[in-house]
Amino acid sequence: MENNSKSKNRREFIQSGVRLSLALALGGVGGLALSKVIEDDWVWQIDPFECTQCGRCATDCVMSPSAVKCVHAYDLCGYCDLCGGYLKPDANALSTAAENQLCPTAAIERKFIEEPYFEYHIIEDLCIGCAKCVKGCTSFGNGSLHLQIIHDICLNCNECSIARVCPSDAIKRVPASEAYKVKGDFTNNPES
Amino acid sequence: MKNKGIIIFLLIMAAVIIAVIVGDYVSDRPNRSKPNPFAYDVKEFKTVDPELIHYKESKNFRIGFEKPVAIAIHDDKIYVAGDNNLKCIDLSGALLHDFTLPGKPQTVEVFNQNIYIAINNQILVYDNGGNLLNEWEPMGENSLITAIAATENDVFVADAGKRKVVRYSSDGEFLTEFDGKAEEGVLHGFIIPSPCFDLDINDVNELWVVNPGLHALENYTFDGNLRAHWKNTGMRPEGFSGCCNPSHFTFLDDGRFVTSEKGLVRIKTYKRSGEFEGVVAAPTKFTDEGRAPDVAADSQNNIYALDFDKKLIRVFEPKNNTRLQPGD
């Protein structure tokens, strides 16, 4: 009689243990699934305030042409006639002539707005992310042209091959909800 | 025999792993990067014909500011603002006064016994002992004061945020403001793509204002009517490049202009007429991609450049101290 009770207790104990383990496993899987649904994905992002326009975005991305493109903060732009991002330093005229354009792929379009203002538009398909225009705009303008990773092109590699060689550690993983850090308010960098 | 084979295999594996790690380490790391095939090259403009350089650097003063902001010279005393302080030093670099300000200064101007300092877009007036004499009404929400110029009865304030010059009486009473538009469709007003907007008053009481988007210096009456202007666009030594140059300027005591530029950081002098005269400091004198130094001049035509990157006042003296001849 006593033996029967002991073996029953053991059986109950094992049954309860199995039930508990199953409940914990189910809870764990459910929690994991829920966290995957709630949690943001992570993507690569360039901090334009850290970027030093080294040219590696054009040469080291696994995509060809690079998934890094120049983007333009129109609200920051001075709409200058003499645009350091559009014209070569030794341009012989402030014109759209090919020999005066700084961009190696002619990916910037210059459009007259009204005297003396010009608007500059990036043709994304042509841009290779070389940052030549960004360098010109940052040095001689107010930095309205800057680089950013375009996420419908980026493969979101586990280890970004540009981040690996970026000399200023300007490329970081960020939540997908904050994918694009763009300029547009020069109070972020009033000394530029 | 079997064990020996395993040992040889493990040794080969270890060698391969070490080779991969070393290969990865010495590969294309940032500090071993290849030259940038897309480099933005302005080297040819950094070198200036020595014949054009009319000044030499004679000394410099370490000012002890983490963030120097502005420099002004009055009665051969140097006033330099930075951090939360204003320092007054003599021309040999000896500290005369150092007083604490209630906030971070934006710019400084000195006229007679009054020191005008902009803090949080408000002008505060101090005496030489650091006593607060007057506190003007703060400027509007979108204002950004970048320069002040004072005369006997008037004080002009450059507001880069609103792209206007504001005229006050010396007591701080608002008198008028203007945005550089001479008349509809003729002049486009001040074009200020970045906070580089300077103004100053010369030896004959003329108000000159930079229009950086047009690479122009414009002379206005105190009521805001355009009287004269000159401009010079280009990367060559005689021109101004980029969106916002000259970033700073001052006058020598004979009315010549001293300009300071960003991008291609350099300091130059122009005759009263606006004709290019020569170079004070070539781009090679400054940090690559550094900021345009603020400039001031003493009565001997020495030029004092506040180098924001090196946190120094750098003094440039004329190689031949020639004064302008009448008619220049």
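Remember, predicted model here, so these are calculated numbers, not experimental data. Chain letters run A, B, ... following the sequence lines, proteins first and then strands; every chain starts at 1.
Most heavy-atom pairs under 4.5 Å with chain B, from the set A/P89, A/G55, A/G85, A/G84: that is A/P89. Ranked by heavy-atom pairs under 4.5 Å with chain B, the first of A/G136, A/C137, A/S144, A/G78 is A/G136. Interface remark: of the candidates A/Q53, A/E115, A/E114, A/E115 forms the most heavy-atom pairs closer than 4.5 Å to chain B.
Proximity to chain B is limited to the side chain of A/Y117, based on heavy atoms less than 4.5 angstrom apart. In this structure, the portion of A/P104 lying under 4.5 Å from any heavy atom of chain B is its side chain and not its backbone. For a residue to count as touching a neighbouring chain, one of its non-hydrogen atoms must lie under 4.5 Å from one of that chain's; by this rule B/E44 touches chain A with the side chain only. Heavy-atom distances place both the backbone and the side chain of B/S241 under 4.5 Å from chain A. In this structure, chain A has a heavy atom under 4.5 Å from the side chain of B/P37, while its backbone stays farther away.
Using a 4.5 Å cut-off between non-hydrogen atoms, the part of residues 121-130 of chain A that approaches chain B consists of A/I128, A/C130.
Residues A/N142 and B/S194 share a closest heavy-atom pair of CB-CB, 3.8 Å. Here the shortest heavy-atom pairing between B/P193 and A/C80 reads CG-SG, 4.1 Å. The two residues B/K262 and A/G141 make their nearest non-hydrogen contact at NZ-O, 2.7 Å. When every heavy atom of B/I191 is checked against every heavy atom of A/P116, the shortest pair comes out as CD1-CG, 3.5 Å. The two residues B/F38 and A/A58 come nearest to each other via the heavy atoms CE1-CB, 3.6 Å.
Counting heavy-atom neighbours within 6.0 Å of A/Q15 CD, excluding the residue itself, gives a total above 12. Other residues, nucleotides and ligands contribute more than 12 heavy atoms inside 6.0 Å of the NZ atom of B/K162. Within 6.0 Å of CG in A/N158 there are 12 or fewer heavy atoms belonging to other residues, nucleotides or ligands.
With rounding to the nearest 0.5 Å, the separation of CG in B/L214 from CG in A/L82 is 11.0 Å. For the atom pair CG of A/L94 and OG1 of B/T233, the computed distance is 7.0 Å after rounding to the nearest 0.5 Å. Between the CZ atom in A/F140 and the CG atom in B/L264 there is a gap of 4.5 Å [rounded to 0.5 Å]. The distance from atom CG of B/D41 to atom CG of A/D90, rounded to the nearest 0.5 Å, is 9.0 Å.
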Candidate pair A/V134 and B/Y40, rule side-chain contact (heavy atoms from CB on, under 4.5 Å), full reasoning: CA-CA 9 Å; A/V134 179; B/Y40 183 84; over 6 Å; no

